[in-house]
Amino acid sequence: MDAEFWHSRWESGNTPWHQGRVNARLERNIDRLPAPESGRVMVPLCGRAYDMRWLLDRGHRLLGVELSAVAVRGFLDEHGLSFERSTDGAFERFDAPGARMLCGDVFALTREHLAEVRAVYDRAALIALPPETRRRYAAHLVSILPPAAPMLVVTIEYPRGETDGPPFSVDEAEVRDLFEPARRVERVESIDVLDTEPGLARRGLSRLVEHAFLVHGG
């Protein structure tokens with residue numbers, strides 16, 4: 001999948017992954033991330049996730065990174081957030097109260113872009129990327145994040161061969177392979193969610209588990 005795939009999905013409104021509710025793994029594990037006043041929470045490949053509104057309402061400052069300008073503007077407009085637009089390196093930047101959105105390729109991020117980041121919440125990035133790109137993504141993120149910043153990473157796991165991604169199945173073994181030994185990985189939750197994901201269930205899945213991992217800072 002290339003950038004055009006994601007642009008076309010957002011432009012056509014074909015975004016079945018978008019949830020109008022907070023993710024339960026985030027809600028249950030938010031206390032594992034640093035306190036709101038400590039810095040920004042980065043949300044990679046953020047789309048217009050309601051999770052960001054939920055974080056804002058709890059005092060967290062955001063750094064959202066998203067390829068699609070349609071998704072970025074959709075989030076800001078949906079929640080009535082006024083913004084100022086500028087250029088920041090390879091990104092179009094939108095600054096709103098409590099939130100900064102960088103519109104562009106996640107691989108163009110630099111250490112300078114993430115200087116204020118004190119935690120990462122990844123619900124939609126790792127599982128959106130094909131296998132060969134996941135390794136590049138994880139390595140890039142670890143190389144530019146402030147060393148102490150933990151990551152709350154949410155993935156899904158389903159039986160191999162029952163459907164094609166995205167979203168892709170990413171199990172615990174792969175998460176550990178991607179982030180260890182540079183970071184310590186702790187699985188904090190695993191829940192069967194097939195009954196709550198009718199769109200994925202219609203693909204013929206026999207099992208769907210949502211995992212939450214804490215990837216500790218160095």
Task: Pairwise side-chain contact, L145 with R183, heavy-atom cut-off 4.5 Å (strictly under) - done: yes

TODO: Report yes if some heavy atom in the side chain of V72 is under 4.5 Å from a heavy atom in the side chain of R85; otherwise report no.
DONE: no

TODO: Check for a donor-acceptor pair, side chain of R111 on one end and backbone N or O of S143 on the other, with a separation under 3.5 Å.
DONE: yes

Open item on the list: Show every ring pair (Phe, Tyr, Trp, His ring centres under 6.0 Å) that has at least one partner inside residues 130-161, sequence neighbours left out.
Closed with: F107-H140

- [ ] Would you please test R187 and V175 for side chain to side chain contact (heavy atoms under 4.5 Å, CB included) and show each step?
- [x] CA-CA 10 Å; R187 179 168 58 86; V175 173; over 6 Å; no

Task: Straight-line distance of D122 CG to M42 CE, nearest 0.5 Å - done: 8.5 Å

Task: Flag if over 12 foreign heavy atoms under 6.0 Å of CZ, R58 - done: yes

- [ ] Dump the intermediate steps for side chain to side chain contact (heavy atoms under 4.5 Å, CB included) on F213 and V154, then the final yes or no.
- [x] CA-CA 6 Å; F213 301 94; V154 178; over 6 Å; no

Open item on the list: Tell me whether V153 shares a hydrophobic cluster with V209, the cluster being built from Ile, Leu, Val, Met, Phe, Trp, Tyr side chains joined at under 4.5 Å.
Closed with: no

- [ ] Would you name the heavy atoms of L129 and L45 that are closest together and state the gap between them?
- [x] CD2-CD2, 4.2 Å

Open item on the list: When you measure from the side chain of D171 to the backbone of E174, do you find a donor-acceptor pair of N or O atoms at a distance under 3.5 Å?
Closed with: yes

Task: Pairwise side-chain contact, W54 with E27, heavy-atom cut-off 4.5 Å (strictly under) - done: yes

- [ ] Give a yes or no on this: more than 12 heavy atoms of other residues, nucleotides or ligands lie within 6.0 Å of atom CG of D195.
- [x] no

Open item on the list: So F91 and V65, do their side chains get closer than 4.5 Å, heavy atoms only?
Closed with: yes

Task: Test item: H79 side-chain N/O and L76 main-chain N/O as donor-acceptor pair under 3.5 Å - done: no

TODO: Please round to the nearest 0.5 Å and tell me the distance separating atom CG of L114 and atom OG1 of T110.
DONE: 7.0 Å

TODO: Any chance you could measure N29, atom CG, to L214, atom CG, to the nearest 0.5 Å?
DONE: 8.0 Å

Open item on the list: If you count every heavy atom of other residues, nucleotides or ligands that lies below 6.0 Å from E84 atom CD, does the total exceed 12?
Closed with: no

TODO: State, yes or no, whether a side-chain contact exists between N23 and Y121 at a heavy-atom distance under 4.5 Å.
DONE: yes

TODO: State, with a plain yes or no, whether a side-chain heavy atom of L55 is found less than 4.5 Å away from one of V22.
DONE: no

Open item on the list: When you compare the side chain of P36 with that of R61, does any pair of heavy atoms fall below 4.5 Å?
Closed with: no

Task: Candidates S169, P166, P167 - the one meeting side-chain contact (heavy atoms from CB on, under 4.5 Å) with I127 - done: P167

Open item on the list: Within this structure, what is the CG-CE distance for the pair L63 and M101, rounded to the nearest 0.5 Å?
Closed with: 9.0 Å

- [ ] Considering non-hydrogen atoms only, spot the tightest contact between A108 and A90 and give its length.
- [x] CB-CB, 3.9 Å

TODO: Mind listing the closest non-hydrogen atom pair of A212 and L152 along with its distance?
DONE: CB-CD1, 4.4 Å

TODO: Please determine if E162 and R203 form a salt bridge, counting it only when a charged side-chain N lies under 4.0 Å from a carboxylate O.
DONE: no

- [ ] Evaluate side chain to side chain contact (heavy atoms under 4.5 Å, CB included) for L141 paired with M151, printing each intermediate quantity in order.
- [x] CA-CA 10 Å; L141 207 55; M151 294 178 264; 3.8 Å; yes

Task: Distance in Å, L102 CG paired with L67 CG, rounded so as to fall on 0.5 Å steps - done: 12.5 Å

Task: Closest approach of V185 to E180 (non-hydrogen atoms, all atoms of both residues) - done: N-OE2, 3.4 Å

- [ ] Work out which heavy atom in P150 is nearest to a heavy atom in R118; give both atom names and the distance.
- [x] CD-O, 3.2 Å

Open item on the list: Strictly below 4.0 Å, N to O, side chains only: are D51 and R123 in salt-bridge contact?
Closed with: yes

TODO: I would like to know whether I144 and L109 meet side chain to side chain contact (heavy atoms under 4.5 Å, CB included); could you show each step before the answer?
DONE: CA-CA 8 Å; I144 61 174; L109 287 171; 3.6 Å; yes

Open item on the list: I need the R21 CZ to Y50 OH distance, nearest 0.5 Å.
Closed with: 12.0 Å

- [ ] For residues I191 and R25, report the shortest heavy-atom separation together with the two atoms involved.
- [x] CG1-NH1, 3.7 Å

TODO: Check whether any side-chain heavy atom of D177 sits under 4.5 Å from a side-chain heavy atom of R135, and report yes or no.
DONE: yes

Task: S82: partners by side-chain contact (heavy atoms from CB on, under 4.5 Å), with sequence neighbours left out - done: P97

Open item on the list: Show, in sequence, the C-alpha distance, side-chain angles and deciding distance for R176 and E172, and conclude whether the salt bridge (Lys or Arg N to Asp or Glu O under 4.0 Å) test is met.
Closed with: CA-CA 6 Å; R176 292 187 180 279; E172 180 176 355; 3.0 Å; yes

Task: N-O pairing of E66 and R48 below 4.0 Å - done: no

Open item on the list: Could you work out, with side chain to side chain donor-acceptor pair (under 3.5 Å) as the rule, every residue matching R100, not counting sequence neighbours?
Closed with: D95

Open item on the list: Side chains of H211 and E189: any donor to acceptor distance under 3.5 Å?
Closed with: no

